Protein chains: 2
Amino acid sequence: MTEQSVPTTAAGEPATARGEQTRQLIVDTAMRLFRERGYARTTMRAIAQEAGVAVGNAYYYFGSKEHLIQEFYARAQTEHRAAAGPVLTRESDLAARLAGVMHAGIDVLTPSHSFAASFFKTAAEPTSPLSPFSAESSGPREAAIALFAEALEGSTARVDPELRPHLPELLWLAYMGVVLYWVYDRSPGQTRTRQLIDGAVPLVDRLVGLSRLRVLRPVTRQVLDLIRTLRH
Amino acid sequence: MTEQSVPTTAAGEPATARGEQTRQLIVDTAMRLFRERGYARTTMRAIAQEAGVAVGNAYYYFGSKEHLIQEFYARAQTEHRAAAGPVLTRESDLAARLAGVMHAGIDVLTPSHSFAASFFKTAAEPTSPLSPFSAESSGPREAAIALFAEALEGSTARVDPELRPHLPELLWLAYMGVVLYWVYDRSPGQTRTRQLIDGAVPLVDRLVGLSRLRVLRPVTRQVLDLIRTLRH
DNA sequence: AGTCTCACTTGAACGCGTTCAAGAACTGCC
DNA sequence: GGCAGTTCTTGAACGCGTTCAAGTGAGACT
């Protein structure tokens with residue numbers, strides 16, 4: 001049998017109430033310790049001990065220490081949507097909506113800046129399930145792209161119709177750039193990242209507007225062609 | 001004494017011929033094993049054993065396994081400059097020069113794709129000395145930026161004078177984007193990365209040309225202002 | 001030649017993430 | 001109650017990167 005036998009339950013998905021409870025306990029403990037001590041200085045032994053379980057038990061629910069981070073992602077994404085809610089009901093200007101969504105994302109991440117940076121390297125590895133481009137992250141990723149689609153749809157902005165369908169993903173990509181900058185941002189309170197958002201969003205807004213200009217048509221098309229080529 | 005005592009030699013800089021020789025032996029062995037087995041599967045014990053030295057001896061010259069990678073960077077940078085030489089003497093068109101420099105960089109990296117990806121995560125960590133933005137990497141980084149300055153200066157392209165002084169660094173940043181894409185590139189022979197270069201370079205070339213257009217002046221200035229703000 | 005100095009070398013030991021064979025606890029069925 | 005089959009739990013053990021107290025060796029000075 002070279003085939004993998006079908007497991008009755010996927011790793012990390014408890015089948016009983018007891019399992020669900022243990023899993024939650026481990027996650028909560030891990031998140032607390034990550035925040036308190038940072039990612040690298042939190043050992044799996046410490047998590048297990050504080051949670052009152054055996055080390056091996058944590059590995060029953062999470063394939064690795066990295067997998068605990070995925071839980072962090074999922075939580076952050078949910079919080080991000082919630083935090084972006086008000087601005088999306090209030091504003092109708094694209095620039096304001098984009099800035100609102102991006103600031104909301106950074107708001108959610110800010111308390112975790114110190115340790116988020118330390119596990120960022122794991123997420124950056126192409127083969128890692130934590131990569132924002134990986135199949136395993138498709139849930140949070142698509143939720144995030146949907147958030148930008150919402151920001152776009154609810155706005156009064158007029159957009160080149162060729163560009164429009166690709167824009168949510170491009171905006172998400174730009175947001176990933178902001179997050180990348182945020183990770184590297186050493187300024188107190190990451191104020192630089194706020195400046196980046198406030199500086200880049202009007203720029204993006206302006207470019208989106210310009211995309212309907214005749215002179216820029218070829219450029220827009222060139223960009224879209226490139227994107228189509230690079231995606232399988 | 002809270003002050004650090006001044007070491008007679010910096011870590012990794014041997015003072016004797018014997019030391020120099022050992023250091024080279026370790027580097028060469030490490031590079032060979034990285035290529036043969038990949039970064040993660042090459043243990044420090046294996047490197048030491050194959051080089052015929054004790055484990056601790058490797059740590060006398062290199063503060064960590066990661067520091068061995070810096071050696072790889074330095075070598076790649078030197079090779080990159082050499083590989084870009086011909087095209088820089090031959091071509092005068094900016095697009096051709098840029099494409100030449102970028103392709104040369106990927107040419108140099110290609111044999112290492114499999115293991116470069118596996119240690120990329122280390123380089124991505126902001127606090128890592130391996131980060132392309134870190135002080136420790138300033139040598140290779142500035143050499144790379146200089147390479148793009150050379151590509152620009154030797155070209156016939158006319159550039160907005162306000163933009164010009166910032167352009168080499170922006171081009172390097174774009175190149176970092178290409179390398180990032182390359183790391184994630186799973187297509188056979190990384191042909192997608194080649195397409196990215198061939199698609200993005202004319203685009204960049206066009207944008208640089210357009211930067212002198214009256215309509216786009218404000219945008220150009222907005223971009224430059226943002227860059228100025230984000231840099232300390 | 002003796003001895004001082006300092007660059008270099010050693011390998012056992014530490015703490016970490018991770019694995020796994022063994023067992024405990026729970027559930028459904030008779 | 002008794003049995004079977006899962007689900008969950010355990011902790012010792014493995015291999016890894018890294019540290020460090022203890023050595024070795026080669027040149028400089030007397």
Side-chain angles (χ1 to χ4, degrees), chain A residues 5-27 29-30 33-34 37-70 118-119 121-122 125 127-130, chain B residues 5-27 29-30 33-34 37-70 118-119 121-122 125 127-130:
Chain A
S5 66
V6 179
T8 48
T9 57
E13 299 198 9
T16 70
R18 173 170 62 131
E20 186 53 46
Q21 201 177 329
T22 307
R23 195 194 132 95
Q24 270 308 312
L25 183 61
I26 293 169
V27 170
T29 309
L33 292 184
F34 285 166
R37 319 180 176 177
Y39 179 70
R41 279 196 301 252
T42 301
T43 67
M44 290 301 283
R45 283 168 179 79
I47 294 172
Q49 191 180 338
E50 293 258 322
V53 300
V55 218
N57 203 1
Y59 282 91
Y60 181 77
Y61 293 102
F62 302 94
S64 71
K65 193 181 174 186
E66 299 183 7
H67 279 77
L68 281 164
I69 299 174
Q70 230 156 6
S118 73
F119 72 61
K121 68 164 183 177
T122 307
E125 193 184 29
T127 58
S128 166
L130 290 172
Chain B
S5 65
V6 179
T8 46
T9 56
E13 300 200 7
T16 70
R18 173 172 59 133
E20 184 55 45
Q21 200 177 330
T22 308
R23 195 193 132 93
Q24 269 309 313
L25 183 60
I26 293 168
V27 171
T29 309
L33 292 184
F34 285 166
R37 317 179 178 177
Y39 179 71
R41 277 195 302 253
T42 302
T43 69
M44 290 300 282
R45 283 168 177 81
I47 295 171
Q49 191 179 338
E50 293 259 324
V53 300
V55 217
N57 203 3
Y59 281 91
Y60 181 78
Y61 293 102
F62 302 93
S64 71
K65 191 181 174 186
E66 299 183 6
H67 279 78
L68 281 164
I69 300 174
Q70 230 156 6
S118 73
F119 72 63
K121 67 163 185 178
T122 308
E125 194 184 28
T127 59
S128 166
L130 290 172

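Remember, it's a predicted structure, so these values are computed and weren't measured experimentally. Protein chains get the first letters and strands the later ones, always in sequence-line order, with residue 1 at the start of each.
A straight line from CE of A:M44 to C1' of D:dT10 spans 15 Å, rounded to a whole angstrom. A straight line from OH of B:Y39 to P of D:dC16 spans 14 Å, rounded to a whole angstrom. Residue B:H67 contributes atom NE2, which lies 16 Å from atom P of D:dG17 at whole-angstrom precision. Between B:K65 atom NZ and C:dC16 atom C1' the separation is 14 Å, expressed in whole Å. A straight line from CZ of A:R45 to C1' of D:dA12 spans 10 Å, rounded to a whole angstrom. With rounding to whole Å, B:F62 atom CZ is found 13 Å from C:dC8 atom P. Rounded to whole Å, atom P of C:dA24 lies 13 Å from atom CZ of A:R18. Straight-line distance from the CD1 atom of A:I47 to the C1' atom of C:dG15: 15 Å, rounded to whole Å.
Among the nucleotides D:dC8, D:dG17, C:dT10, the one closest to any side-chain atom of B:T43 is D:dG17.
Put simply, B:T22 has a side-chain N or O that comes within less than 4.0 Å of OP1 or OP2 on C:dT9. Within the 4.0 Å cut-off from OP1 or OP2 of C:dT19, not a single side-chain nitrogen or oxygen of A:Y59 is found. Dashed line: the shortest gap from a side-chain N or O of A:N57 to OP1 or OP2 of D:dC8 is not under 4.0 Å. Distances shorter than 4.0 Å separate none of the side-chain N or O atoms of B:T16 from OP1 or OP2 on D:dA26. Between A:Y61 and D:dT9 there is a side-chain N or O to OP1 or OP2 distance below 4.0 Å. The shortest distance between the side-chain N/O atoms of A:Y60 and the OP1/OP2 oxygens of D:dC8 is below 4.0 Å.
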Given the rule in the side chain to side chain contact (heavy atoms under 4.5 Å, CB included) test, do B:Y59 and B:H67 qualify, once you have shown the distances and angles that lead to the verdict?
CA-CA 10 Å; B:Y59 281 91; B:H67 279 78; over 6 Å; no

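The side chain to side chain contact (heavy atoms under 4.5 Å, CB included) with B:Y61 is formed by just one residue from the set B:L68, B:V27, B:V53, B:T22; it is B:T22.
For A:E20, the CD atom sits in a packed shell: over 12 heavy atoms of surrounding residues, nucleotides or ligands are nearer than 6.0 Å. Residue A:R37 qualifies as enclosed at atom CZ: its count of foreign heavy atoms under 6.0 Å is above 12.
If you take CE on A:M44 and CD1 on A:I26, they are separated by 8.0 Å, rounding to the nearest 0.5 Å.
Among the atoms of the strands shown, base atoms are found under 4.0 Å from some heavy atom of B:V55. At the heavy-atom level, A:G19 lies under 4.0 Å from the strands shown only through sugar-phosphate atoms.
Projected onto DNA chain C by closest heavy-atom contact, A:S64 and B:A54 fall at different nucleotides, the more 5' of which corresponds to B:A54.
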